Structure formats: structure tokens, C-alpha cells
Amino acid sequence: MNFVCDDAFLTIATVNSQALVAFYSQLLQQQPSPYIPQVYAEFKLKGLRLGIFQPKVEHQTEFVNSKRGSISLCLEVPNLGAAIAHLQAIGYPPPGEIIFASHGRELYAYDPDGNRLIIHQS
């Protein structure tokens with residue numbers, strides 16, 4: 001029997017769901033839908049659904065064992081300068097400089113849980 005998958009999406013587990021929902025609402029300039037406060041929020045992007053969920057109390061310890069988040073979310077943008085200005089405006093300025101790579105320019109930023117955002121312009 002073959003494994004068949006019709007859809008996939010990324011979820012971030014956090015005990016700090018209100019802060020992450022506020023951050024991604026500002027970053028992505030949209031409100032989550034569906035949204036159940038302190039349970040689940042979902043953002044719909046072209047080609048990706050990003051979910052944020054708060055684990056039940058009995059499961060929270062498996063998600064809070066490091067100072068940095070455990071994912072890197074790469075966001076392709078048409079204008080890196082505008083993305084930097086937006087991150088600064090919402091209070092999360094990128095801590096480093098623009099990196100010039102063979103595939104374009106990028107920089108790193110971080111969400112309130114320390115998950116790395118790779119903001120990339122081809």
C-alpha cells in the first residue's frame with residue numbers, strides 16, 4: 001500500500017500562543033482563520049497553511065526544552081528592504097546583516113519563540 005498525502009501544512013507548537021498569533025498577524029498582515037484563542041490559529045498563504053497551536057498542559061514540556069525555536073520558516077518576498085522595514089515596524093528587527101547567497105539575498109529574523117525566519121529575495 002502506498003502512502004498518499006492530499007495536503008500538508010506547517011504547525012508551530014507554543015505555550016506562548018497569544019504572542020505568536022499577534023506576531024504572525026502583524027508579520028503576514030492578516031488575521032488567522034480559523035482561530036480559537038489559546039488553542040489554534042491558522043494563516044493561509046499562497047502555497048502554505050501555517051498553524052499555531054498551544055499543546056495541552058500534559059504535553060507542553062516536549063515543546064519548551066530549548067531557548068530557540070525548532071523551525072526555520074523561509075518566506076520569499078519581492079522586496080527585502082520593505083520586509084526589513086516591516087519587521088522593524090512591528091518590533092522584531094532582524095539582528096544581522098543581509099546575506100548574499102548564490103540563490104539571492106536573505107536575512108534572518110526571529111519570532112517571539114525564537115523560531116528562525118529566513119526572509120529571502122531571489
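Throughout, residue positions are numbered sequentially from 1 according to the sequence presented. All of these numbers come straight from a predicted model, not from anything done at the bench.
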**Q** Kindly compute the distance separating CZ (Arg49) from NZ (Lys44), expressed to the nearest 0.5 Å.
**A**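 Spacing of CZ (Arg49) from NZ (Lys44) equals 6.5 Å.
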
**Q** Please name the pair of heavy atoms, one in Ala13 and one in Asp113, separated by the smallest distance, quoted to 0.1 Å.
**A**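 Looking at all heavy atoms of both residues, the closest pair is O-OD2, 4.3 Å.
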
**Q** Looking only at heavy atoms, which two atoms of Ala109 and Pro95 are closest? And how far apart?
**A**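 So the two residues come closest at CA-CD, 4.3 Å.
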
**Q** Heavy-atom count check: over 12 atoms from other residues, nucleotides or ligands less than 6.0 Å from Glu58 CD?
**A** yes

**Q** Taking side chain as C-beta onward, heavy atoms only, is Asn115 less than 4.5 Å from Ser72?
**A** no

**Q** Which residue pairs satisfy the ring-ring contact (aromatic ring centres under 6.0 Å, His included) criterion with at least one member in residues 87-109, sequence neighbours excluded?
**A**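 Listed by first then second residue: Phe23-Tyr92, His103-His120.
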
**Q** Following the transitive rule for hydrophobic clusters with a side-chain heavy-atom cut-off under 4.5 Å over Ile, Leu, Val, Met, Phe, Trp and Tyr, establish whether Phe9 and Ile52 coincide in one cluster.
**A** no

**Q** Quick one about Glu106 and Gln121 (side-chain donor to acceptor, distance below 3.5 Å, no hydrogens or angles considered), yes or no?
**A**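 Absent: no donor and acceptor within the cut-off.
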
**Q** Report yes or no: does Gln31 contribute a side-chain atom to a donor-acceptor pair with the main-chain N or O of Ser25 at less than 3.5 Å?
**A**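 Side chain of Gln31 to backbone of Ser25, a donor-acceptor pair under 3.5 Å: no, none is there.
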
**Q** Membership question, hydrophobic clusters at under 4.5 Å side-chain separation (ILVMFWY): are Leu80 and Ile99 in the same one?
**A** no

**Q** In terms of hydrophobic clusters joined by side-chain contacts under 4.5 Å, are Ile71 and Val21 together?
**A**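 In one cluster with Ile71: Val21, yes.
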
**Q** Begin from the C-alpha positions of Leu27 and Leu117 and carry the test side-chain contact (heavy atoms from CB on, under 4.5 Å) through to its verdict.
**A** CA-CA 11 Å; Leu27 178 68; Leu117 305 176; 3.8 Å; yes

**Q** Given side-chain contact (heavy atoms from CB on, under 4.5 Å), test Asn16 with Gln54 step by step and report yes or no.
**A** CA-CA 7 Å; Asn16 193 17; Gln54 185 162 316; over 6 Å; no

**Q** Under the ring-ring contact (aromatic ring centres under 6.0 Å, His included) rule, collect the residues that match up with Phe43, sequence neighbours excluded.
**A** none

**Q** Mind checking whether Ser17 and Gln38 have side chains closer than 4.5 Å, heavy atoms only?
**A** yes

**Q** Apply side-chain contact (heavy atoms from CB on, under 4.5 Å) to the pair Leu73 and Ile118, showing each step before the final yes or no.
**A** CA-CA 6 Å; Leu73 176 61; Ile118 303 169; over 6 Å; no

**Q** With no hydrogens and no angle check, just 3.5 Å: does a side-chain donor-acceptor pair link Glu76 and Ser122?
**A** yes

**Q** Is Leu87 linked to Leu28 within one hydrophobic cluster, defined over Ile, Leu, Val, Met, Phe, Trp and Tyr using a side-chain heavy-atom separation of less than 4.5 Å?
**A**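 Yes, it is one cluster - the side chains of Leu87 and Leu28 are joined through contacts under 4.5 Å.
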
**Q** Given side-chain contact (heavy atoms from CB on, under 4.5 Å), test Leu20 with Asp111 step by step and report yes or no.
**A** CA-CA 7 Å; Leu20 278 191; Asp111 73 15; 3.6 Å; yes

**Q** Out of Ile12, Thr11, Leu75, which residue meets the side chain to side chain contact (heavy atoms under 4.5 Å, CB included) rule with Leu50?
**A**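 The single option meeting the side chain to side chain contact (heavy atoms under 4.5 Å, CB included) with Leu50 is Ile12.
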
**Q** Check the side chains of Gln26 and Tyr24 for a donor-acceptor pair under 3.5 angstrom, ignoring hydrogens and angles.
**A**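 Note: Tyr24 and Gln26 side chains miss the donor-acceptor criterion.
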
**Q** Would you indicate whether the side-chain heavy atoms of Tyr110 and Arg116 approach each other to under 4.5 Å?
**A**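 Yes, their side chains come closer than 4.5 Å.
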
**Q** Same hydrophobic cluster for Phe53 and Leu45, using side-chain heavy-atom links shorter than 4.5 Å among ILVMFWY?
**A** no

